[in-house]
Amino acid sequence: MNFYIVMQGQTYIEEKEHNIIWSKQVDKSGMHPHFWERMKEVKAGDCIFHYVKGDIVAVSIAKKDCYEAESPYDALYKKVGNKVETSYEELNTPLNIKDNFQEIELFLPIKYYAFQENGDGNQGYLYPCNELLAIKLLELIADNNANFEKQEQLEFAISSILLKETNRLLQIIAVMESEAKVKIRKGLQKFKQTLSPLWDNQCAICNIDSPELLHPCPSKPWKDSTEEERLDPYNGILLCYNHEALYEKGYIAFDGQGKIHISNRIEERDYDKYRIHSKMRINRKEENKKYFKWHKKNILK
């Protein structure tokens with residue numbers, strides 16, 4: 001299961017009525033925008049968050065792989081587009097992105113993200129949604145809609161039909177969240193198994209070799225990586241938990257030659273505390289180079 005965010009706006013009503021999402025393939029200049037091309041990636045079973053005017057208003061599961069088809073609701077547009085049949089589950093309580101943006105922005109990737117820095121939606125149609133972001137959105141949605149169910153039940157104002165719909169929505173959300181967590185767990189297990197031997201099963205900086213004190217730290221984080229990059233053992237470094245924290249938070253980085261770069265947030269007199277020094281080098285592999293360069297450019301602060 002992969003996750004996506006679709007920015008619908010005015011098309012939401014028509015697309016919901018037809019239980020689809022649909023996009024054009026080519027813009028007026030003859031280009032193929034990434035947010036339309038991405039439709040071709042959607043497979044049966046994938047999860048879609050539906051964004052309309054600031055809110056996530058529904059979730060859905062793709063029924064079939066994406067295929068080419070004319071628009072079912074725009075008779076004037078005769079060209080073939082990309083279509084995904086899906087099953088909408090509207091939220092009783094929509095999730096407002098701006099109201100929850102402090103929690104959401106931590107999981108946004110650096111590139112191709114659905115929301116702007118102020119919490120507004122980006123222009124475009126279909127955006128990828130990494131599993132960490134999906135879990136956070138699902139948690140927030142579940143909290144909002146579980147509270148709705150409890151409140152309505154306490155007021156004795158909820159019908160049996162609405163109660164069943166709410167229960168079904170929460171069940172679907174639970175399944176989606178479980179699948180996302182399983183995917184992450186299995187990915188991280190495989191990542192550690194293949195990465196650790198590349199670093200002789202010890203911290204690349206301090207040589208600690210106790211397995212319970214070591215952590216595989218990706219250079220390009222899960223939220224920013226492709227499916228292939230997430231499992232690439234060269235996209236990372238084996239570190240003890242102390243040095244892993246420095247690397248993950250951008251206090252240290254390594255260049256393509258394996259030379260350390262230390263953030264000016266750490267004063268030089270404190271280098272010994274962290275068991276680092278300005279002339280340190282690690283035994284990187286050639287395949288680490290592109291990932292180290294990405295980390296240094298995007299994470300080091």
Side-chain angles (χ1 to χ4, degrees), residues 1-91 94-95 97 108-116 120-131 133-134 137-138 141 168-169 172-173 175-176 179-180 183 187 222-231:
M1 175 184 284
N2 290 318
F3 296 83
Y4 299 91
I5 301 173
V6 61
M7 321 297 280
Q8 285 172 295
Q10 295 179 349
T11 66
Y12 175 75
I13 294 176
E14 291 90 348
E15 293 183 349
K16 178 181 176 294
E17 288 178 354
H18 289 85
N19 275 313
I20 62 164
I21 58 173
W22 184 90
S23 76
K24 298 177 181 179
Q25 293 184 341
V26 184
D27 64 17
K28 293 179 180 179
S29 62
M31 302 297 289
H32 297 260
H34 68 85
F35 45 77
W36 289 346
E37 281 291 292
R38 191 168 293 109
M39 288 281 288
K40 298 175 182 178
E41 301 173 9
V42 181
K43 305 293 184 184
D46 286 347
C47 171
I48 302 163
F49 296 96
H50 298 263
Y51 175 90
V52 179
K53 297 180 181 179
D55 295 331
I56 300 291
V57 299
V59 296
S60 68
I61 301 291
K63 294 179 179 178
K64 296 181 180 179
D65 295 357
C66 178
Y67 60 92
E68 293 186 340
E70 291 185 0
S71 171
Y73 55 83
D74 188 352
L76 298 178
Y77 190 82
K78 297 298 183 181
K79 295 181 181 179
V80 169
N82 297 317
K83 178 179 177 181
V84 175
E85 296 180 24
T86 186
S87 177
Y88 283 66
E89 292 288 342
E90 285 198 306
L91 309 184
L95 176 67
I97 297 301
L108 293 177
I110 291 174
K111 189 177 181 181
Y112 297 141
Y113 49 91
F115 309 115
Q116 300 176 32
D120 288 336
N122 270 322
Q123 298 262 336
Y125 189 66
L126 191 69
Y127 286 88
C129 177
N130 67 78
E131 286 77 12
L133 175 58
L137 292 175
L138 291 167
I141 289 170
R168 184 177 68 246
L169 172 64
I172 291 172
I173 289 172
V175 171
M176 291 177 177
E179 293 233 9
K183 184 175 181 180
W222 182 284
K223 67 184 180 68
D224 295 297
S225 296
T226 64
E227 294 285 338
E228 184 179 78
E229 289 171 337
R230 290 170 179 173
L231 300 180

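- If you look at Tyr127 and Tyr51, their ring centroids are not closer than 6.0 Å.
- Between the side chain of Asp55 and the backbone N or O of Val57 there is no donor-acceptor pair closer than 3.5 Å.
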*Does the side-chain hydrogen bond (donor to acceptor under 3.5 Å, both in side chains) test come out yes or no for Glu37 and Gln25, once each step is laid out?*
CA-CA 7 Å; Glu37 281 291 292; Gln25 293 184 341; over 6 Å; no
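- Side-chain contact between Cys66 and Lys83 is absent, with no heavy atoms from C-beta onward closer than 4.5 Å.
- Side-chain atoms of Glu85 and Tyr67 include a donor-acceptor pair closer than 3.5 Å.
- The backbone N or O of Ala69 sits less than 3.5 Å from a side-chain atom of Trp22, completing a donor-acceptor pair.
- Listed for the Glu229 side chain is a donor-acceptor partner under 3.5 Å among the backbone atoms of Thr226.
- Distance CG/Asn82 to CD1/Ile20: 11.5 Å, rounded to 0.5 Å.
- Under a 3.5 Å cut-off, the side chain of Lys223 and the backbone N or O of Leu108 do form a donor-acceptor pair.
- Between Ser60 and Met176, the closest heavy-atom pair is O-CE, 3.9 Å.
- Aromatic ring orientation, Tyr12 versus His50: perpendicular (interplanar angle above 60°, classes split at 30° and 60°).
- In this structure, the side chain to side chain contact (heavy atoms under 4.5 Å, CB included) partners of Glu227, at least two apart in sequence or on a different chain, are Asn2, Glu131, Lys183, Arg230.
- Closest of all the heavy-atom pairs between Gly9 and Val52 is O-CG1, 4.0 Å.
- A heavy-atom distance below 4.5 Å is found between the side chains of Asp27 and Trp36.
- In terms of modelled atom types and a separation under 3.5 Å, the side chain of Thr86 and the main chain of Ile61 share a donor-acceptor contact.
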